[in-house]
Amino acid sequence: MFAFLAEHRGRLFPAAMFADMYPSANGRPSMPPQILAAAITVQALHGLSDFETVQELRCDLRWKAACGLGLHDLAFDPSLLAYFRRRLARSTCPNRVFEAVREVVRATGVLKGKHRRALDSTVLDDAVATQDTVTQIIAAVRAVIREVPGGAEVAGVRCSAHDYTDPGKPRIAWNDAQARAALVDALVTDALRLLGHLPEQELGEKAANAVGILALVAGQDVEPAEDSDGRDGRWRITQGTAPGRMVSTVDPESRHVHKTRSHQQDGFKAHLAIEPETGLFTAVALRPGAGPEHHEAAVGLELLAGEDEPVDAFGDTAYSTGDARQALEQAGHRLFLKPAPLRPAVPGGFTLDEFTIDTTTGTVTCPQGHTVDLSGPGGRHQQRRAVFADLCTSCPLRERCTTAKAGRVLTIRPHHDLQAAARRQAATDPDWQADYRRWRPPVERAVAWIVHHGNRRLRYLGTIKNDTWLHTRAAALNLRRLINLGLTHTNGTWHLAPAGT
C-alpha cells in the first residue's frame, strides 16, 4: 500500500478531485488535499487515531513516501485531519475517496461477469459511554442552560432538583429505591418546567438541538407514577426500554442494538455488500442501530440500488422481509435470502405452511380439511385473517394446532405467496442450497476485515462522520485487495497484471 500510494497517489487522488471543497480564490490550502486524502486512507487501513497518524507521518519513511512528504517534513497538526474530514462530510460528495477507488475497480474490469453480491451487517460500538436516565436528564438540562439564551435565568428560578453547576451526580442514597424514584420525579419536573418557560425566540442550531434532546430524554425513560393519572406531574422510570432509546446526550444518534435476542450493544450498524469471489466491497452504509428505516432489509435495498444490472443477492433472514423480496424481484435480482423459520403455535405442532392458503380465492384449509374464508381487506398483499373458531372444538388435531380456547386464528401477512415460495425453494432446491452455502459465508470474512485493528469501536460522533469513516475504511481495504491482485497503471488506464507475472 505504501509503495503504491507513493507512485500513484496523484493519479488516484488528483487535485481536481477536491476543487469544490476549496472554492476560495485566496490561494491554495496550506496542506494539499491529495496528501490528506492519502493520509486518511492509510489511517483507516491501520485503524489509527489522528495523533498516531501524524506521529507515523513524522517518523516513518513509508508513511512519508505514501503521502508525499519530504524526509525532514514534520507533517502537520493532528487537527488538520479532523478539519479535512469535516470538509469532506459537508461537501456534495462526502464519500469521494470510496468513489475514487470504485472507479479504479470499474476500470480494471475485475467485477466484469461477477453477478453475485453478499449482504451482511455488524454492530460497531459507539465512541461514548452509555448514560443512565439521571445522567442524561442532568446533561440535557445543562446543555439548555449553556446554549439557549435565557435558559440559565429560567433554570435558576424554576429548577431545584439539583445544582446543575455541580459536575457530579446528585448526592443521594443510590441503593434506596424510594430516593432514586424521588430524584427522577424531581428531575423530570425540572426539565418540563424549563422547557415550558423558555422565552419565545428564534433558536440557532446548537440551541434547537439542546431543546430537542432535553424534550426527548425527559420523556423516553419515564412514565406517570403508579397511582398517577399522568396529570399531576409525578413520574417514575418506565418498565422496560423505550423503542429507539437515546443512550447518550453526547452522541444522540447512538442506539441500543439487538443483533441477537440475547446480545445487546450500544452503537451503530455497518451494512456491507461485497462481491464474494474477490472480496471487494461494492457498497457500504453506516446507520443508527434501531428503527425500521435502518433495518437490514431497508438498507439492503440501498446497497443494491447502484448495481448496473441484476445480481444474485445473498443474505440471511434479516434481509428476507416481504417488502424487500418484492422490491428486489421487481428490480430483476435473483434472491438467495434465507427465509425466516416458522414457529408453530404449539411446540412440535403445525406451522403456517401446513395449511393450504389460497390468497387468490381468499380461502384457508387446515390439516384436518376444514376450509374458512379470509377476512379483512381484499388483495393478495394485505394482512388478512382466517378464523376457525368452533371448527376447532371437536377437531382430533387440536392439540397439535392451538391452545387458544376460541380456536385457531391464522394471520396471513402481506406478500405471503412470496415468502411461502421462498421457504419451499430453500427447503427443497439443492442448487439454491449449494449456492447459498458457497457464496454467503465470504461476507463474514469481509466483516472481520472491517473490524480488524480495533475498529469494532468507533472514533467519531454521529452517523455522518462515522459513515464517512466506514466508506474510507472500505476504500482502503478495496485498494489493498486490488494491489494484492496486481493493480498497475499503464498506457493511461488501470488494470490488473496477469496471474503469475
For this session: Report yes or no: does Asn455 contribute a side-chain atom to a donor-acceptor pair with the main-chain N or O of His452 at less than 3.5 Å?
Result: yes
For this session: Could you tell me whether Arg287 and Glu302 have a side-chain N and a carboxylate O separated by less than 4.0 Å?
Result: yes
Exercise. Just by modelled atom types, is the Leu48 backbone N or O under 3.5 Å from a matching donor or acceptor in the Gln43 side chain?
Worked result: yes
Problem set entry | Aromatic contact, Phe2 with His46 (centres under 6.0 Å) | yes
For this session: Could you tell me whether Arg11 and Glu7 have a side-chain N and a carboxylate O separated by less than 4.0 Å?
Result: no
For this session: Check the pair Ser79 / Asp77 against side-chain hydrogen bond (donor to acceptor under 3.5 Å, both in side chains), numbers first and verdict last.
Result: CA-CA 5 Å; Ser79 63; Asp77 190 270; 2.7 Å; yes
For this session: Using a strict cut-off of less than 4.0 Å between a Lys/Arg side-chain nitrogen and an Asp/Glu carboxylate oxygen, indicate whether Arg106 and Glu103 qualify as a salt bridge.
Result: yes
Exercise. Are any non-hydrogen side-chain atoms of Thr41 and Val101 less than 4.5 angstrom apart?
Worked result: no
Exercise. Would one find more than 12 heavy atoms of other residues, nucleotides or ligands at under 6.0 Å from atom NZ of Lys465?
Worked result: no
For this session: Could you tell me whether a side-chain N or O of Tyr319 sits under 3.5 Å from a main-chain N or O of Asp120, the two making a donor and an acceptor?
Result: yes
Exercise. Is it true that atom CD of Glu202 has more than 12 heavy atoms of other residues, nucleotides or ligands lying nearer than 6.0 Å?
Worked result: no
Exercise. With distance as the sole criterion, is a donor-acceptor pair present between the side chains of Ser91 and Arg96 under 3.5 Å?
Worked result: yes
For this session: State whether the number of non-hydrogen atoms from other residues, nucleotides or ligands found under 6.0 Å of Lys206 atom NZ is greater than 12.
Result: no
Exercise. Out of curiosity, Leu57 CG to Asp60 CG, how far, rounded to the nearest 0.5 Å?
Worked result: 9.0 Å
For this session: Could you tell me whether Arg459 and Asp50 have a side-chain N and a carboxylate O separated by less than 4.0 Å?
Result: no
For this session: Would you kindly say whether Thr165 and Asp163 are connected by a side-chain donor-acceptor distance under 3.5 Å?
Result: yes
For this session: Return yes if a side-chain donor-acceptor contact under 3.5 Å exists between Thr53 and Glu56, otherwise no.
Result: no
Exercise. Just wondering, are more than 12 heavy atoms of other shown residues or ligands nearer than 6.0 Å to CZ in Arg158?
Worked result: no
Problem set entry | Nearest-0.5 Å distance, NE2 of residue His416 to CG of residue Leu418 | 10.0 Å
Seminar exercise, completed: So CG of Leu187 and CG of Leu192: to nearest 0.5 Å the spacing works out to 11.0 Å
Exercise. With no hydrogens and no angle check, is any side-chain donor or acceptor of Arg117 less than 3.5 Å from a backbone partner on Ala313?
Worked result: no
Exercise. Between Trp432 and Phe336, what is the ring plane arrangement, given parallel below 30°, perpendicular above 60°, and tilted in between?
Worked result: parallel
Exercise. Can we say Glu275 and Arg116 salt-bridge, meaning some charged N sits less than 4.0 Å from an Asp/Glu carboxylate O?
Worked result: no
Exercise. Between Val299 and Ala285, what is the shortest heavy-atom contact and its length?
Worked result: CG1-CB, 4.1 Å
Exercise. What's the spacing between Asn95 CG and Thr472 OG1 if we round to 0.5 Å?
Worked result: 7.0 Å
Problem set entry | Sidechain-backbone polar pair: His295 side chain, Gly291 backbone, donor-acceptor under 3.5 Å | no
Problem set entry | Glu296/Lys269 ion pair, N-O < 4.0 Å | yes
For this session: Would you check if the side chain of Gln419 reaches a backbone N or O of Ser320 as a donor-acceptor pair within less than 3.5 Å?
Result: yes
Exercise. Do we see a donor-acceptor contact under 3.5 Å between the side chains of Arg102 and Thr282?
Worked result: no
Problem set entry | Gln34 versus Arg9, side-chain donor and acceptor atoms under 3.5 Å | no
For this session: Count the heavy atoms of every other residue, nucleotide or ligand shown that sit under 6.0 Å from CD of Glu309, and state whether that count exceeds 12.
Result: no
Exercise. Do you know which two heavy atoms are closest between Ala155 and Leu194, and how far apart they sit?
Worked result: N-CD1, 4.0 Å
Seminar exercise, completed: Between the CG atom in Leu337 and the CZ atom in Phe314, the distance rounded to the nearest 0.5 Å is 9.5 Å
Exercise. Looking at CD1 of Ile137 and NE2 of His162, how far apart are the two atoms once the value is rounded to the nearest 0.5 Å?
Worked result: 11.5 Å
Exercise. Salt bridge check: are Asp312 and Lys114 linked by an N-O gap of less than 4.0 Å?
Worked result: no
Problem set entry | For Leu12 against Ala100, the heavy-atom pair lying closest together | O-CB, 3.9 Å
Exercise. In terms of the angle between their ring planes, are Phe281 and Trp449 parallel, tilted or perpendicular, with boundaries placed at 30° and 60°?
Worked result: perpendicular
For this session: Provide the closest heavy-atom pair for Arg473 versus Ile450 in the form atom of the first, atom of the second, distance.
Result: NE-O, 3.1 Å
For this session: Give a yes or no on this: more than 12 heavy atoms of other residues, nucleotides or ligands lie within 6.0 Å of atom CD1 of Ile464.
Result: no
Problem set entry | Taking every non-hydrogen atom, the tightest pair across Cys67 and Ile35 | O-CG1, 3.2 Å
Seminar exercise, completed: In short, Pro199 meets Val154 closest at the heavy-atom pair CD-CG2, 4.3 Å
Exercise. For Phe4, does its backbone N or O pair with a side-chain atom of His8 as donor and acceptor, under 3.5 Å?
Worked result: no
Problem set entry | Thr488 side chain near Trp494 side chain, heavy-atom distance below 4.5 Å | no
Problem set entry | Worked verdict on Asp190 versus Tyr164 for side-chain hydrogen bond (donor to acceptor under 3.5 Å, both in side chains) | CA-CA 11 Å; Asp190 273 5; Tyr164 294 99; 2.8 Å; yes
